[in-house]
> 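Let me give you the structure first, and then I'll get to my questions.
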Amino acid sequence: MDEKLQSINLQKVPNHIAIIMDGNGRWAKSKGMQRVFGHKNALTAIRAAADTSSELGVKFLTLYAFSTENWNRPKFEVDALMTLLVKTLKKELPEFQNKNVKVNAIGAIEQLPKKAQKTLTEVIEATKNNTKITLTFALSYGAREEIVNAIKNISKKVVNNKLDIEKIDEKIINNHLYTFNLPDVDFMIRTSGEQRISNFLLWQMAYAELYFTDVLWPDFRKEHLFDAIIDYQNRERRFGKTSEQIETDE
Ligand code: FPP
């Protein structure tokens with residue numbers, strides 16, 4: 001483990017990591033258990049990812065906890081996920097404070113059960129001045145819906161003469177997304193072997209490096225994040241430039 005840590009260049013860790021935490025259901029099934037058992041065991045992995053990211057100096061960690069499509073799951077599972085969310089946020093609040101974690105949420109939060117909205121608002125408010133890492137939960141989140149909302153809100157401003165159509169640029173669009181206060185994603189990790197983006201942060205991942213691992217989310221630990229970051233650091237991010245230009249920039 002120490003060897004892995006030593007292979008990481010702490011000056012070049014991704015600033016913003018986004019994770020699609022996939023495979024909870026399969027993990028539970030492989031143990032002859034119900035899917036919800038997998039979601040419960042996902043919490044250890046969430047803690048490991050958040051603690052390790054923070055220790056390495058990652059400033060933003062965004063977790064896909066519940067997609068707009070997840071509402072279509074059996075009611076029992078949706079209810080269990082919402083209960084788990086509320087319990088976890090309440091239980092972890094002292095840890096968020098101890099570890100200087102700022103909690104944030106993106107998505108159609110108004111569609112969550114009232115209790116989840118209330119707890120989320122309280123935890124966000126209580127941690128708003130924390131500065132070590134911003135931990136964002138994507139909840140009832142869909143990237144296409146996010147973009148549709150942004151277009152609607154920008155259009156309203158244009159119609160009401162609050163915004164000149166020629167002034168619409170990438171920055172204006174950024175400012176109308178749920179992620180208006182977050183930087184672009186540098187590195188996206190998806191567990192469980194699936195190689196898809198599944199409507200997650202489509203705009204924000206335009207230049208992100210993508211990493212897929214077969215590890216099922218409840219098994220994801222510190223060493224897996226180390227492996228992922230070592231892989232990220234062996235890549236060359238060119239943002240459309242040539243290798244030579246990148247070398248000169250450095
Ligand atoms: C994907 O596994 C996981 C989810 C859809 C839910 C993620 C939820 C958590 C990690 C826990 C609750 C969140 C918080 C913030 C406390 P899957 O169920 O799609 O697994 P499968 O692909 O193997 O069926």
Side-chain angles (χ1 to χ4, degrees), residues 17-54 60-96 99 101-109 111-113 115-124 126-127 133-143 145 178 188-201 211-221 224-225:
I17 299 181
I19 306 183
I20 302 181
M21 311 181 286
D22 200 6
N24 297 350
R26 275 163 284 166
W27 184 89
K29 206 173 162 198
S30 75
K31 299 191 154 30
M33 303 293 283
Q34 300 287 327
R35 301 175 51 79
V36 172
F37 182 69
H39 298 319
K40 287 185 178 155
N41 280 276
L43 299 177
T44 316
I46 293 182
R47 256 180 238 116
D51 289 349
T52 310
S53 298
S54 183
F60 298 88
L61 176 66
T62 300
L63 303 175
Y64 207 0
F66 195 88
S67 71
T68 42
E69 291 77 21
N70 287 152
W71 289 114
N72 297 323
R73 292 199 173 187
K75 186 176 180 308
F76 169 76
E77 184 173 343
V78 171
D79 289 350
L81 278 167
M82 292 302 147
T83 306
L84 192 60
L85 173 69
V86 172
K87 271 194 186 165
T88 305
L89 288 173
K90 281 189 176 161
K91 187 165 164 248
E92 297 294 321
L93 180 56
E95 283 299 302
F96 292 144
K99 294 177 180 162
V101 177
K102 176 175 174 164
V103 176
N104 181 41
I106 55 173
I109 303 302
Q111 285 176 16
L112 298 178
K115 205 169 173 186
Q117 287 185 47
K118 185 169 173 280
T119 310
L120 204 53
T121 313
E122 283 165 6
V123 173
I124 290 172
T127 61
I133 187 169
T134 299
L135 176 61
T136 300
F137 294 102
L139 293 159
S140 192
Y141 176 87
E145 187 177 86
Y178 295 130
M188 194 283 293
I189 299 171
R190 182 171 189 153
T191 56
S192 90
E194 307 293 346
Q195 304 199 358
R196 287 188 294 279
I197 300 203
S198 300
N199 204 15
F200 190 39
L201 300 169
Y211 178 88
F212 302 98
T213 169
D214 288 340
V215 175
L216 300 175
W217 179 251
D219 286 330
F220 195 85
R221 294 292 179 273
H224 302 116
L225 188 59

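Atoms within each ligand, like the ligands themselves, are counted from 1 in listed order.
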> Using a strict 4.0 Å threshold on nitrogen-to-oxygen distance, state whether Lys118 and Glu122 make a salt bridge.
yes
> How far is atom 19 (O) of ligand 1 from its nearest protein heavy atom, and which residue and atom name does that atom have?
Arg73 NH2, 2.8 Å
> Of all the non-hydrogen atoms in the protein, which one sits nearest to atom 5 (C) of ligand 1, and at what distance?
Asn70 OD1, 3.6 Å
> If you count the non-hydrogen atoms of other residues, nucleotides and ligands that lie under 6.0 Å from CD in Glu77, is the total more than 12?
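Correct, the count exceeds 12.
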> Provide the number and element of each atom of ligand 1 under 4.0 Å from a heavy atom of Leu43.
16 (C)
> Short list, please: which atoms of ligand 1 are under 4.0 Å from a heavy atom of Ala42?
10 (C)
> Specify side chain, backbone, both or neither for Glu69, according to which of its non-hydrogen atoms lie closer than 4.0 Å to ligand 1.
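Glu69 to ligand 1: no contact under 4.0 Å from either part.
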> Under 30°, 30 to 60°, or over 60°: which ring-plane class applies to His224 and Phe220, parallel, tilted or perpendicular?
tilted
> Which ligand 1 atoms does Gly25 reach within 4.0 Å, using its non-hydrogen atoms?
17 (P), 18 (O), 20 (O), 21 (P), 23 (O), 24 (O)
> For Leu85, take its heavy atoms, then give the atoms of ligand 1 lying under 4.0 Å from any of them.
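By the 4.0 Å cutoff, the relevant atoms are 15 (C), 16 (C).
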> Begin from the C-alpha positions of Arg221 and Thr44 and carry the test side-chain hydrogen bond (donor to acceptor under 3.5 Å, both in side chains) through to its verdict.
CA-CA 8 Å; Arg221 294 292 179 273; Thr44 316; 4.6 Å; no
> Would you kindly check if the NZ (Lys) or CZ (Arg) of Lys29 is within the cone defined by 45 degrees around the ring axis of Trp27 and under 6.0 Å from the six-membered ring centre?
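Pair Lys29/Trp27 does not count as cation-pi.
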> Only counting residues at least two apart or in another chain, list the ones meeting side-chain hydrogen bond (donor to acceptor under 3.5 Å, both in side chains) with Tyr141.
Glu146
> Just going by heavy-atom distances, which of Ala65, Gly23, Ser198, Gly193 is nearest to atom 6 (C) of ligand 1?
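Ranked by closest heavy atom to atom 6 (C) of ligand 1, first place is Ala65.
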> With heavy atoms of Phe137 as the reference, note each atom of ligand 1 found under 4.0 Å away.
15 (C)
> Report the part of Thr88 in contact with ligand 1, treating N, CA, C, O as backbone and CB onward as side chain, heavy atoms under 4.0 Å; options are side chain, backbone, both, neither.
side chain
> Side-chain contact test, heavy atoms from C-beta onward, threshold under 4.5 Å: evaluate it for Trp71 versus Gln111 and give yes or no.
yes
